[in-house]
> 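Structure provided below as structure tokens; questions to follow.
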Amino acid sequence: MLDEHRSGRLTAWGNALIAGFASPDDVAHHIKGDDAAHRVTGLPGESGPVGLTLALGRLRALGATGLRLALPVPGHPLGLSGPPEFNARALEAEEAVVATGAALGLVPEVREAGPEGDVHVEVEWHCMAVRDAPPADVPSLGEAERELAEALREATAVLTRLDVAGSGPVAQAALEAYRARAEAGREVLAPGYPPRAVRVLELAQRVGALIAIAYAPGGHEGREHGGAVSASEMAARAQALRPVERTARRAQVAAYNAMVEERERGSR
């Protein structure tokens, strides 16, 4: 959970474009990130794959008023509204984007290409029809912020209870690495997002960092980093942290969807 999902970048920067806060070239650049190429297939009115700039323009022409993030996992279809065909592809990828107003969704398929030593990543976004219905289990920003505060306390308590190095050198090194990455590319979300959404996303990522530490091989005090963790220990951690992880994912979705939610509230 430490790294930004590609669907998160598409949601944030696509919303900035739709709202007029960013230019098409800047938006395509930020969505692509370090990947070699992004193409969109299955877009209505297009016979083959198209680039991000054309695809986003086409979505707007088809009636898209904003983009929403979905981060589903088995048993928790977070952000999805159907139909089953789209949900199944999104669940396989564990991420997707839904275009509000256009009844279309996008799911990334990530491929590696090139010779050994010069491998690059290409992303194909599959455009599919979606159901025009409220997304599953997405909280408001206010709800997400309250839930996260409790989740952070719970994550710390779980780490302590399981004798995981929640405040030891391994944990601190991981958290510092996360902070360094966040500061290096300080653009959290995209222009036009409310400050509260940025705050909620940063807190969700911090909770995600603690979860990642708990799952790390060298997670016990006194155990060398990289030491073995038994299957029963890992099962106990997973069971204890599952509700915390769920809360962090819900908060991430709420943060990325905040611009659309704010615009819809203003139009009522």
> Holding to side-chain contact (heavy atoms from CB on, under 4.5 Å), I want the full list of residues that pass it with Pro44, two or more places apart in sequence or in another chain.
Leu62, Leu104, Cys127

> Which residue pairs pass the salt bridge (Lys or Arg N to Asp or Glu O under 4.0 Å) test when at least one of the two sits in residues 16-38, sequence neighbours left out?
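Non-adjacent pairs meeting salt bridge (Lys or Arg N to Asp or Glu O under 4.0 Å): Arg6-Asp35, Arg9-Asp35.
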
> Any Lys/Arg nitrogen of Arg242 or Glu245 sitting under 4.0 Å from an Asp/Glu carboxylate oxygen of the other?
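No, this pair does not count.
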
> Can you list everything that forms a salt bridge (charged side-chain N to carboxylate O under 4.0 Å, His left out) with Glu143? Sequence neighbours excluded, please.
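Partners of Glu143 under the salt bridge (charged side-chain N to carboxylate O under 4.0 Å, His left out) test: none.
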
> Once you round to the nearest 0.5 Å, how far does CZ of Arg146 lie from CG of Leu148?
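If we round to the nearest 0.5 Å, Arg146:CZ and Leu148:CG are 11.0 Å apart.
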
> Answer whether the closest heavy-atom distance between the side chains of Arg249 and Val73 falls below 4.5 Å.
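A side-chain contact exists here, since the closest heavy-atom pair is under 4.5 Å.
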
> Do the rings of Trp125 and His38 sit parallel, tilted or perpendicular, given the 30° and 60° boundaries?
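Judged by the thresholds at 30° and 60°, the geometry between Trp125 and His38 is tilted.
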
> Quick one: list whatever passes side-chain contact (heavy atoms from CB on, under 4.5 Å) with Ala144, sequence neighbours left out.
Pro139, Val200, Ala251, Ala254

> With sequence neighbours left out, write down each residue that passes side-chain contact (heavy atoms from CB on, under 4.5 Å) with Ala113, or none if nothing qualifies.
His120, Glu122

> What are the two closest non-hydrogen atoms of Leu17 and Ser23, and how far apart are they?
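Heavy atoms only, the tightest pair is CD1-C, 4.1 Å.
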
> Glu145: which residues meet the salt bridge (charged side-chain N to carboxylate O under 4.0 Å, His left out) condition with it, sequence neighbours left out?
Arg196, Arg199

> Could you note down all residue pairs passing salt bridge (Lys or Arg N to Asp or Glu O under 4.0 Å) where residues 64-88 supplies at least one of them, sequence neighbours left out?
Arg68-Glu261, Arg68-Glu264

> Holding to side chain to side chain donor-acceptor pair (under 3.5 Å), I want the full list of residues that pass it with Asp132, two or more places apart in sequence or in another chain.
none

> Return the set of residues passing side chain to side chain donor-acceptor pair (under 3.5 Å) with Asn15 (not counting sequence neighbours), or none when no residue passes.
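Partners of Asn15 under the side chain to side chain donor-acceptor pair (under 3.5 Å) test: Tyr193.
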
> Mind checking salt bridge (charged side-chain N to carboxylate O under 4.0 Å, His left out) for Arg111 and listing every partner two or more places apart, or none if nothing turns up?
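In terms of salt bridge (charged side-chain N to carboxylate O under 4.0 Å, His left out), with neighbours along the sequence ignored, Arg111 is linked to Glu109, Glu124.
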
> Would you mind listing every salt bridge (Lys or Arg N to Asp or Glu O under 4.0 Å) that reaches into residues 91-100, with sequence neighbours excluded?
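Listed by first then second residue: nothing to list.
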
> Give the minimum heavy-atom separation between Val27 and Gly14, together with the two atoms involved.
CG1-N, 4.3 Å

> By side-chain contact (heavy atoms from CB on, under 4.5 Å), which residues pair with Ala96, not counting sequence neighbours?
Ala70, Phe86, Ala90, Val107

